[in-house]
Amino acid sequence: MTTATRPVSQAVPPLSAEYAMMPRMPLRTGPLIGRDTDLSRLADAIGLRPAPGARPGGVVVLSGDAGIGKSRIVSRLLDDATEAGWFTAVGHCVGQAGSSLAYLPFVELVGTIDATHPEVVERVLDTHPSLGHLLPGRPTAPATSDVPTGRSTDPGQVAESVHALLSALGDAQPSLIVVEDVHWADHSSRDLITLLLTRGFTRPVGLVVTYRSDDLYRRHPLHETLAVWARIAGLEHVELAPLPDDAVRELVSGIEGAPTDPGTAAEIARRAQGNPFFAEELVASAAAGQSLTGGLSRVLRARVDQLDDTAQRVVRAVALKGGQFIGHDLLSRVVGLPDDELEAALAAAVEHHVLETRWPPAYTFRHALLGETVADGLLPGERLRLHRAYAAVLAEHPGLAPASELARHAAAVGDLPTAVTASRAAAEAAMAVGGPQEALLHLERALAWLDEDDPQRDELTLRASRAAMVAGDALRAMDLLRDRLDHPGAAQDPGARADLLSALVVRSRVLDLPVDSIAMTDEALALIGDEADERRVRVLVARVQALVDHGSFVEAAVVGNEVSLIAERLGLGGALAEVRTILARVLEAQEDLDAVETHLRSIVADLGPDDPLLLRGLHQLASLAHRRGDLPGSLALYDRGADVARRMHREWAPWGQECRLLGGITAYELGDWDGALRRLDLAGRPAPQPGRTIFTGAALLVRSGRGEPVDPDLVATMREWWHVDGLCVVLTVMPAVDVLGHAGDLAGMLDVVEAAVTFLDAAWGEYHALVRLGALVAGQAATLVPHADPALRARALTLVATLAERGRRISDLRPAVEAAIRPKFERSAPESLEDTSRETWAWTARLEAELLRLQRVAGVDDPPPVADLVGAWRESVHAFERYGHVFETARSQARLAESLRAAGDDATSRDVAERAREVAVRLEAKPLLAELDDVRPTQTAPDLTPRELEVLALLAQGLSNGQIGKQLYISTKTVSVHVSNLLAKLGASGRTEAAAIARRRGLVTG
């Protein structure tokens, strides 16, 4: 290496302290998420993982909006290249002050190469002295008569020298060179990059050039260069698209201090619109307790400030547009500019990547946060003038934007009558296209603008409550009605109040909150008098429903006959069908299920395909089939109801939600656990409460059956909704019994069950679910009490005895026709229970078997004989087979096998256990498989030979017989013999089960 000094060329000034302080975009700004495909394209383009026979190296241009993740993906590419043994170097282009420094990124690159490979630089300098222009701080050799004293500043020779340097570097070591942010590059650097991209490299050199696509406009100096690059053969161009929402949510969840509540996380994902940098800035704002803008405002506002005054005026008008796009006609009328000035302003905003266009002519901001930034910067007077202009234009030309836009602008300028009228129209439009949540929002806004004495308030409250019900938010629906009933104003119309009361009676029955529906319909009837009109029909329908719910079936039939006659005379077919559907419960109470089915099928046949009452009819038919033990027929009806609900956009409305939920539970009972999860999966969609908790609990049945880990806080979170809906209690406590039992937490299980019984007693009185609950608790107690301390054991036995006594009482009761407490109409005499409520019949048999099992392990003075235990478990298996519950049949078989082994009948025990094992393997029910392992007779699993253990280890890895033979250097036929022996010794029905058994017993790892 030469150490003599050389004069520094003035073609490129030395790097200054100012340059050293310039901020650069950091390469390592966070994890790389959602970019696997893009990273693979980059790696392939530079030949990082060349195919056999191919050489490494290649050139690629990477583009994308600011913050989209270019630096992240380049950082990962550099890391991968370093791990592969490549040399890496990065040169940065810098905006503003740095843009005047010629060859700035190459000064940085060549300096890095000189610091790490000085011998390569020295060799290239000898033949390409122009390279010295990019080494301003490097000493130079003294001039001699044989060596030129000056260096050519010809750009072509400088470019040739860089190409020579990178080629020589590639000879020394495979190398990756990155030039970042060339949208800021100086003219000389752009030309040099063009030469490098055009010529490429015959050595293992990868070159990646990045730029921000959103910083370009029509006259941007890089535009011409990009046109040249587009014609370069072999040049790969990778453009980073916005990340999908799930990737943004994953990115946000991994940031320290990120908000954990789903609402804020979803809002961040929505606003970020796939931009990781924006998402991180929004997280920072949320973590600091600030509005979701962060430090983006300065960055985004700077882009708008580049526009002239007219263009900024247009952009500010667009900022208040509402919705995604503003049509050209509306914008033209609002800003009032001549066509040529408006078009020039729009062209400038589009060129500077502030606005985007579509056809027919309409405009929006390139990014929603850019629009929010502009809107936030409006002065109060300017904002008011723009709102007034929008309101005036939309009032005269309502077809230019949705009614919700007129409502928003009218409210902003204080024109509340116009705002209310427009909001009502917007709500109707939203309901028409299946948007009840949006309709509710519009109606609640209108209610906020109305005075308490305004005569519109009652009707709008009813509309808003209906929208809330269709959206699945029954709590909101009830609260809206209650608020208006409690605050009626000075002169509420009696008829309107009767409508509010009737609606509350009908809608409150969806939940289990205390509502005196009989008293409410008494008040409603007193308010309307005796006129046989449509309002009286509505009130009487509510009365019939209230009477049925309270078990007053005779009076319900009388009132139902009255309202049916009025509805028929008035031509109110919908009301007539609704009354007929309600009265089906009267027939059901008399246990004449054939008559009920005929009645319901006639109703469903008369209903149109878009009648919401169809959902209720299908739901009741499905429930009836379920009671009779026809689970496949029940599932088909539930699925049909769920399909109808989706078509009607009523998935979360009453009956639609229940069809989907109960379809999932029925699929679980039929042993289609994947199908159950598919039906119950909310797929990240927002779901109203308590519906979300109910669906979570139903899915927990599968998770507990499979022994999947469950967050300990989940049950506590679900309990927050117990006071609202008894179904929340049932679908929390049933899987929780098994989850806590499998974990050995007897005390925790008893706590949850005792609390659940208290809630259910208050909400439902006497209920069939108590039989199932008693059976589950007795089953887990039988497993856990032998190891519990005396106090806990006594507590468990007392609770089981109480549940058993109540369960038997429910099973023995005959139907009550008058003055019964809901749901006594479901009760049957013991001899008919198998036909009228097969689920309760099966769980009753299971309860008796579990009680005998518990007595045998609890240390009672006179334990039942094992023959009684065998008989009871045979009854349980038979009942669940008749019912069709696949998993509980298998669980009963496992316990029958255990009792048979205790009775000394190992052969039958083994046969029964193997039938249960087949189901457990198919369902991936790990707790049941573990239970079956304990049942297996010891002589069926003798010691394995060393060779069998070797074969078993490879079999558990999923290898075929041929692959195992190659690994162990034995024939495939010999492997087949070993596998057959293994299956016999382990008592497994197949290779998968053998692997599962081996893992549980610790015979293999992994």
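FYI, the numbering just counts along the sequence from 1. Remember, it's a predicted structure, so these values are computed and weren't measured experimentally.
Evaluation of the ring-ring contact (aromatic ring centres under 6.0 Å, His included) test over residues 698-719, restricted to residues two or more places apart or in two chains, returns none.
Using a distance-only test at 3.5 Å, with no hydrogens or angles considered, a donor-acceptor pair links the side chain of T889 to the main chain of F880. A donor-acceptor pair is defined here as one N or O able to donate and one able to accept, closer than 3.5 Å; no such pair exists between the side chain of H878 and the backbone of R874. Formation of a donor-acceptor pair under 3.5 Å by the R856 side chain with backbone atoms of L852 is not found in this model. Proximity of a side-chain donor or acceptor of T758 to a complementary backbone N or O of E754 within less than 3.5 Å is detected. At least one donor-acceptor pair closer than 3.5 Å links the side chain of R703 to the backbone N or O of P709. Between the R915 side chain and the A890 main chain, no donor and acceptor come within less than 3.5 Å of each other. Judged by distance alone, the side chain of T844 and the main-chain N or O of T840 form a donor-acceptor pair under 3.5 Å. A donor-acceptor pair is defined here as one N or O able to donate and one able to accept, closer than 3.5 Å; such a pair exists between the side chain of Q689 and the backbone of T693.
Residue T732 holds its OG1 atom at 9.0 Å from CZ of R719, rounded to the nearest 0.5 Å. How far OG1 of T666 is from NE2 of H626: 4.0 Å, rounded to the nearest 0.5 Å. The structure places CH2 of W873 at 9.0 Å from CG of L896, a figure rounded to the nearest 0.5 Å. With rounding to the nearest 0.5 angstrom, the CZ atom of R679 is 12.0 Å from the CD1 atom of I665. How far CZ of R806 is from CZ of R809: 6.5 Å, rounded to the nearest 0.5 Å. Taken to the nearest 0.5 Å, the CG atom of L928 stands 10.5 Å off from the CG atom of D738.
Listed by chain and number, the residues in a ring-ring contact (aromatic ring centres under 6.0 Å, His included) with W673 are Y668, F887 (sequence neighbours excluded). Evaluation of the side-chain contact (heavy atoms from CB on, under 4.5 Å) rule for H723 yields L513, F759 as partners, not counting sequence neighbours.
Between the side chains of T783 and R853, at least one donor-acceptor pair of N or O atoms lies under 3.5 Å.
When side chains are defined from C-beta on, E888 does not count as touching R772, because their heavy atoms never get closer than 4.5 Å. Between V730 and W764, some side-chain heavy-atom pair lies under the 4.5 Å cut-off. The closest side-chain heavy-atom distance from L792 to L750 is below 4.5 Å. With a 4.5 Å cut-off on side-chain heavy atoms, L661 and L727 count as touching. Looking at heavy atoms from C-beta onward, R910 lies out of side-chain contact with R901 at the 4.5 angstrom threshold. The shortest side-chain heavy-atom distance between H619 and L662 falls under the 4.5 Å cut-off. W843 has its side chain out of reach of L773: every pair of non-hydrogen atoms, C-beta onward, lies at least 4.5 Å apart. The shortest distance between side-chain heavy atoms of V753 and L803 falls below 4.5 Å.
Taking the charged nitrogens against the carboxylate oxygens, D674 and R706 do have a contact shorter than 4.0 Å, which makes a salt bridge. Salt bridge present: E850 and R895 bring a charged side-chain N and a carboxylate O closer than 4.0 Å. Comment: D789 does not engage R795 in a salt bridge, judged by the lack of any side-chain N to carboxylate O separation of less than 4.0 angstrom. Using a 4.0 Å cut-off between charged side-chain N and carboxylate O, E708 and K926 make no salt bridge.
Between L900 and S909, the shortest heavy-atom distance links the atoms CB-CB, 3.8 Å. Residues A995 and A956 share a closest heavy-atom pair of CB-CA, 3.8 Å. Heavy atoms only, all atoms of each residue included: A625 and G633 are closest at CB-C, 4.4 Å. Residues L932 and A894 share a closest heavy-atom pair of CD2-CB, 3.6 Å. Of all the heavy atoms in S704 and V739, the pair that sits closest is CB-CG2, 3.5 Å. Contact detail for A736 and V715: the closest heavy-atom pair is CB-CG2, 4.2 Å.
The one candidate from L714, L740, L700 that meets the side chain to side chain contact (heavy atoms under 4.5 Å, CB included) condition with P735 is L700.
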- request: Quick one: do H768 and R627 satisfy side-chain contact (heavy atoms from CB on, under 4.5 Å)? Show the steps, please.
  value: CA-CA 12 Å; H768 282 221; R627 285 187 60 187; over 6 Å; no
- prompt: After noting the C-alpha distance and the side-chain angles of I582 and R616, does the key distance pass the side-chain contact (heavy atoms from CB on, under 4.5 Å) rule?
  reply: CA-CA 9 Å; I582 296 171; R616 184 169 184 174; 3.7 Å; yes
query: Is there a side-chain contact (heavy atoms from CB on, under 4.5 Å) between E669 and L635 once you walk through the steps?
result: CA-CA 10 Å; E669 293 172 327; L635 179 59; over 6 Å; no
- request: May I have the step-by-step check of side-chain contact (heavy atoms from CB on, under 4.5 Å) for H742 and V710, ending in yes or no?
  value: CA-CA 11 Å; H742 296 154; V710 175; over 6 Å; no
